[in-house]
Amino acid sequence: MGEIRLMKGNEALAEALIRVGCDGYFGYPITPQSEVIEYLSKEATNRTGMVVLQAESEVSSINMLYGAAGTGRRVVTTSSSPGISLMQEGISYIAGAELPCLVVNVMRGGPGLGTIQPSQSDYFQATKGGGHGDYHLIVLTPYNVQEMVDFVKLGFELSEKYRVPAMVLADGAMGQMMEKVELFDQIPRRTEFPEWATTGKPHDKERRIVTSLFIEPEVMEQVNLRLQAKYRQIEAEETRFQTMNLEDAEYVFTGFGLGSRIAMKAMELAREKGYKVGLIRPQTVYPFPYAIYRETAPKIKGILDIEMNSGQMVEDVRLAVGDKTRVEFYGRMGGMIADPESVLKHFEKVYLGVE
Amino acid sequence: MSNLVEVPVNPEVVQDQFVVYKKPKTLTDKPLHYCPGCAHGVVHKLLMEVVDEMDIQDKIIGVAPVGCSVFAYDYMNIDMQEAAHGRACAVGTAIKRMMPDKFVFTYQGDGDLAAIGIAETIHAANRGENMLVVFINNAVYGMTSGQMAPTTLPDMVTTTTPFGRDVKTMGYPLRMSELLAQLPATYYITRQSVHNAVSVRKAKKALRQALEYQKEGKGFCMVEFVGNCPSNWRMTPLESQKFVEEKMTQYYVVGDVKVPGGK
Ligand SMILES: Cc1ncc(C[n+]2csc(CCOP(=O)(O)OP(=O)(O)O)c2C)c(N)n1
Ligand code: SF4
Ligand SMILES: [Mg+2]
C-alpha cells in the first residue's frame with residue numbers, strides 16, 4: 001500500500017511527476033493548472049534533482065520538451081487549453097520524431113480565451129490530431145484525483161513503450177478538486193538512456209539524429225506507414241475502459257473524465273428509481289474503446305453520452321454503434337458543469353417520455 | 001577555368017607532410033547541398049574543425065534550424081536534433097539542462113533566430129544558457145527563396161521588398177548581437193564573417209573561444225556570421241563577397257560585441 005494523502009488534483013499530479021522519476025519539467029503558467037509548476041518549483045529539484053524550468057511561452061515549453069525528450073529523458077509539460085493550442089506545431093514535431101514524453105492538458109472552457117472554468121472541449125484536438133500531419137497521441141482521461149496520479153505513470157510507460165507522445169487529458173475540475181489519493185513509491189531517475197537518444201555520438205557507433213524531416217516523399221510515406229502500424233498496435237493492445245452494471249443494463253450512460261463521473265452519479269440516481277442503467281467509461285480516448293460500445297449496443301435500448309462540450313466523444317460512440325442502438329447526448333459548455341439530477345431528467349425525457 | 005589541368009594523384013605517394021589541406025574528420029562525406037559560394041558550407045567546416053581540435057565529437061550535441069541549413073545534421077558527424085522553425089534555442093536549452101556536462105550549440109539563420117524565434121533567442125540568452133549559438137545572418141530567407149528577413153538592409157531588394165526595404169513600413173534591420181550583448185547573462189558575443197581568408201581564420205578562433213567558454217561554464221555565447229546568399233541576392237559568389245565587404249559589414253560591423261570583463 002502506498003502513501004495515502006488528501007490532495008488537490010494538480011498537486012497530486014505534480015507529486016506523481018516527481019515520484020515517477022521525471023528528469024525535466026518545462027511549462028508556462030495558466031489557470032487552472034498553475035499549481036503544477038508551483039508545486040514542482042518548491043519540491044522537485046531538492047528531492048530528485050529534476051529540472052524545473054519556467055519557459056517564456058508554451059511554444060517554448062513544447063520545444064524544450066522536444067529537445068529534452070530527444071536526450072532520452074523522462075520529461076513533461078503541463079498547460080491548459082489555450083496553451084495546448086499554442087503547442088500544436090511542437091506536438092506534431094514530437095510525434096514525427098517519435099519522442100516519448102508526457103503532455104498534460106487541464107482543460108478549460110473555450111473557444112478563444114474562454115473561461116478558466118472546467119470544460120472538456122479539447123477532445124477533438126487531443127484525439128483527432130490537433131497539430132498537422134497524420135499522427136496520434138496516446139490520450140488518457142482521469143476521472144478522479146487517483147487517476148491524475150496513476151495516469152502519469154501509465155502515460156510515461158505507454159509513451160516509452162511505443163515512442164508515441166502521451167497526453168493526460170484532464171479538466172479544471174480534476175485539477176482543482178481535493179480527494180484521497182494513494183501515491184506510488186519514488187522511482188529513481190534513470191541513469192541509462194535509449195540507443196536513439198542524442199547524448200553525444202559514441203566513438204564506435206553511428207551518430208543519432210532526432211528529426212521529423214523526411215524530404216523524399218517515398219521515405220516520408222514509409223515513416224507514416226511505420227507510425228500507422230504503431231497506432232494499429234496501440235489500438236489493439238492499449239485500449240482501457242471501465243464498465244459498471246452492464247449485466248442487466250437496458251440503457252448505458254457514458255462519458256470521459258469529468259463527464260463520466262457525472263454519468264456515474266446519474267446512473268446511481270437512475271438505479272435508485274429502478275431504471276436499469278449501466279456505465280461505460282473510456283480511460284483511453286485514443287485509442288478509443290469502440291469494441292465495448294459495439295458489443296453492448298445490440299443488448300440495450302439506448303446510450304446517453306454526457307460531456308462538458310457540445311458533443312465530441314459522442315461522435316466516436318456513434319461511430320462504434322452505428323444503427324445498433326440509439327445515442328443521445330447531454331452536455332454543458334463554456335465552463336458550466338452538468339449536475340446528475342439534470343442528466344437523469346434528460347434521460348427520462350428522451351428515453352422514457354417523462355416530462 | 002580551362003588552364004587548370006587535372007593531375008592524377010597516387011594515394012601511395014600522398015604523405016602527411018605534403019598535406020596542406022584536408023576536410024575535418026567530423027564532417028561527413030556527403031556533398032554539401034549549399035549553393036556555390038554560400039557561407040553555410042564554410043561555417044560548417046570551421047565548426048567541425050573546432051570540434052576535431054577540441055576532441056569533443058562524442059560530447060557535443062548540435063541543433064539544426066529550419067532554413068537552408070536544416071540538413072546540417074547530414075554533414076556534421078555528431079549527435080544532432082532538428083528543431084522547429086525558430087525554436088532551436090528552446091531545444092538547445094533543454095538539451096543542455098538535461099546534460100550540463102555536454103557541449104551544446106544551435107545553428108540558426110536570421111529568419112529563424114531573429115524573426116519567428118526571437119523570443120526563444122532572447123530568453124535563452126537572458127537565462128544565460130551555457131550554450132553556443134551560431135548565427136548565420138545572410139539578410140534574407142534563403143530557404144524559401146529570398147524573402148525579406150528582419151536583417152534585410154534598408155532599401156535592399158528581396159522578393160517581398162521588390163522596391164527595396166522601406167524602413168518606414170517594414171522596420172529597421174535588427175542587430176541581434178548588439179541587442180543580446182545588453183543582457184547581463186550573455187558572456188561572449190562576437191560578429192564575424194567568412195568572405196575572405198583572413199576573416200575565415202578569425203571566425204574559427206571565435207568559435208573555438210566560445211566553446212572554451214562553454215567548457216568553463218561561462219554561459220551564453222553567440223558567434224554571428226555576416227553571411228551571404230548569392231542565389232537570392234542574384235549575384236555571383238564573388239559579387240556577393242563584395243556585397244558583404246561593402247554593404248553588409250557597414251551595417252553589421254565585424255568584431256567582438258561583448259567580451260568578458262570588457263565592453
Ligand atoms: C512555422 C513555419 N513557418 C514558416 C516556415 C517556412 N520557412 C522555412 S525556412 C524559412 C526562413 C529561413 O530563413 P533563415 O532562417 O534566414 O535561414 P536561411 O535559409 O537564410 O539560412 C521559412 C520562413 C516553416 N518551415 N515553419
Ligand atoms: S539559398 Fe542562399 S543561403 Fe541557401 S544555400 Fe543557397 S546561397 Fe546559401
Ligand atoms: Mg537567412
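Here is how names work: the chains are called A, B, and so on, in the same order as the sequence lines, proteins then strands, and each is numbered from 1.
- At most 12 non-hydrogen atoms from other residues, nucleotides or ligands lie less than 6.0 angstrom from CD1 of A:Ile116.
- For chain A, the nearby parts of B:Ile95 are the backbone and the side chain; heavy atoms of each come within less than 4.5 Å.
- Contacts of A:Arg208 with chain B are made by both backbone and side-chain atoms, with heavy-atom separations under 4.5 Å.
- Within residues 141-150 of chain B, no residue approaches chain A closer than 4.5 Å by heavy atoms.
- When only modelled atom types and interatomic distance are considered, B:Asn228 and B:Ser240 share a side-chain donor-acceptor pair under 3.5 Å.
- Side-chain atoms of A:Thr31 and A:Arg108 form no donor-acceptor pair, as typed in the model, at a separation below 3.5 Å.
- Residues A:Ser80 and A:Gln33 have side chains that never bring a donor and an acceptor to within less than 3.5 angstrom of each other.
- Per-residue heavy-atom pair counts under 4.5 Å with chain B were compared for A:Ala97, A:Gly67, A:Pro202, and the maximum is reached by A:Gly67.
- When heavy atoms are compared at a cutoff of 4.5 Å, A:Ser57 approaches chain B solely by way of its side chain, counted from C-beta outward.
- B:Tyr73 and A:Thr211 share a side-chain donor-acceptor pair at under 3.5 Å.
- In this structure, no portion of B:Val63 lies under 4.5 Å from any heavy atom of chain A.
- Looking at A:Tyr93, only its side chain comes within 4.5 Å of chain B, counting heavy atoms on both sides.
- Inter-residue side-chain proximity for B:Ile122 and B:Leu179 is flagged as met; some heavy-atom pair is nearer than 4.5 Å.
- Heavy-atom pairs under 4.5 Å with chain B were tallied for A:Ser60, A:Gly24, A:Ser61, A:Ala69; the largest tally goes to A:Ser60.
- For the atom pair A:Met167 CE and A:Asn105 CG, the distance stands at 5.0 Å (nearest 0.5 Å).
- Residues from residues 96-116 of chain B that place a non-hydrogen atom less than 4.5 Å from a non-hydrogen atom of chain A comprise B:Arg97, B:Met98, B:Met99, B:Lys102, given in numerical order.
- Under a cut-off of 6.0 angstrom, the local environment of CD in A:Glu192 is sparse, with at most 12 non-hydrogen atoms contributed by other residues, nucleotides or ligands.
- A:Gln54 and A:Tyr28 form no side-chain donor-acceptor contact under 3.5 Å, judged by distance and modelled atom types alone.
- Residue B:Leu180 holds its CG atom at 11.5 Å from SG of B:Cys221, rounded to the nearest 0.5 Å.
- The most heavy-atom pairs under 4.5 Å with chain B, out of A:Asp23, A:Leu65, A:Val51, A:Thr199, come from A:Thr199.
- Under 3.5 Å, the side chains of B:Gln214 and B:Asn130 contain no donor-acceptor pair of N or O atoms.
- Contacts with chain A (heavy atom to heavy atom, under 4.5 Å) involve these residues of residues 21-46 of chain B, listed by number: B:Thr28.
- Both the backbone and the side chain of A:Val59 come within less than 4.5 Å of a heavy atom of chain B.
- The nearest pair of heavy atoms linking A:Tyr123 to A:Leu169 is CA-CD2, 4.3 Å.
- At a 4.5 Å heavy-atom cutoff, the contact between A:Leu53 and chain B is made by side-chain atoms alone.
- For the residue pair B:Ser177 and B:Tyr252, no side-chain donor N or O sits within less than 3.5 Å of a side-chain acceptor on the partner.
- Between A:Ile91 and A:Tyr135, the closest side-chain pair of non-hydrogen atoms falls below 4.5 Å.
- For the options B:Gln57, B:Met76, B:Met80, heavy-atom pairs under 4.5 Å to chain A are most numerous at B:Met80.
- In this structure, the separation between CD on B:Glu178 and CZ on B:Arg191 is 4.0 Å, given to the nearest 0.5 Å.
- In this model, a donor atom of one side chain and an acceptor atom of the other lie less than 3.5 Å apart for A:Ser85 and A:Gln125.
- Other residues, nucleotides and ligands contribute at most 12 non-hydrogen atoms within 6.0 Å of the CD atom of A:Glu221.
- With a threshold of 4.5 angstrom between heavy atoms, B:Ala84 approaches chain A through its backbone and through its side chain.
- Legend: residues meeting salt bridge (charged side-chain N to carboxylate O under 4.0 Å, His left out) with B:Arg175, ordered by chain and number and at least two apart, are absent.
- The NZ atom of A:Lys128 sits 7.5 Å away from the CZ atom of A:Phe124 when rounded to the nearest 0.5 Å.
- Proximity to chain B is limited to the backbone of A:Ala197, based on heavy atoms less than 4.5 angstrom apart.
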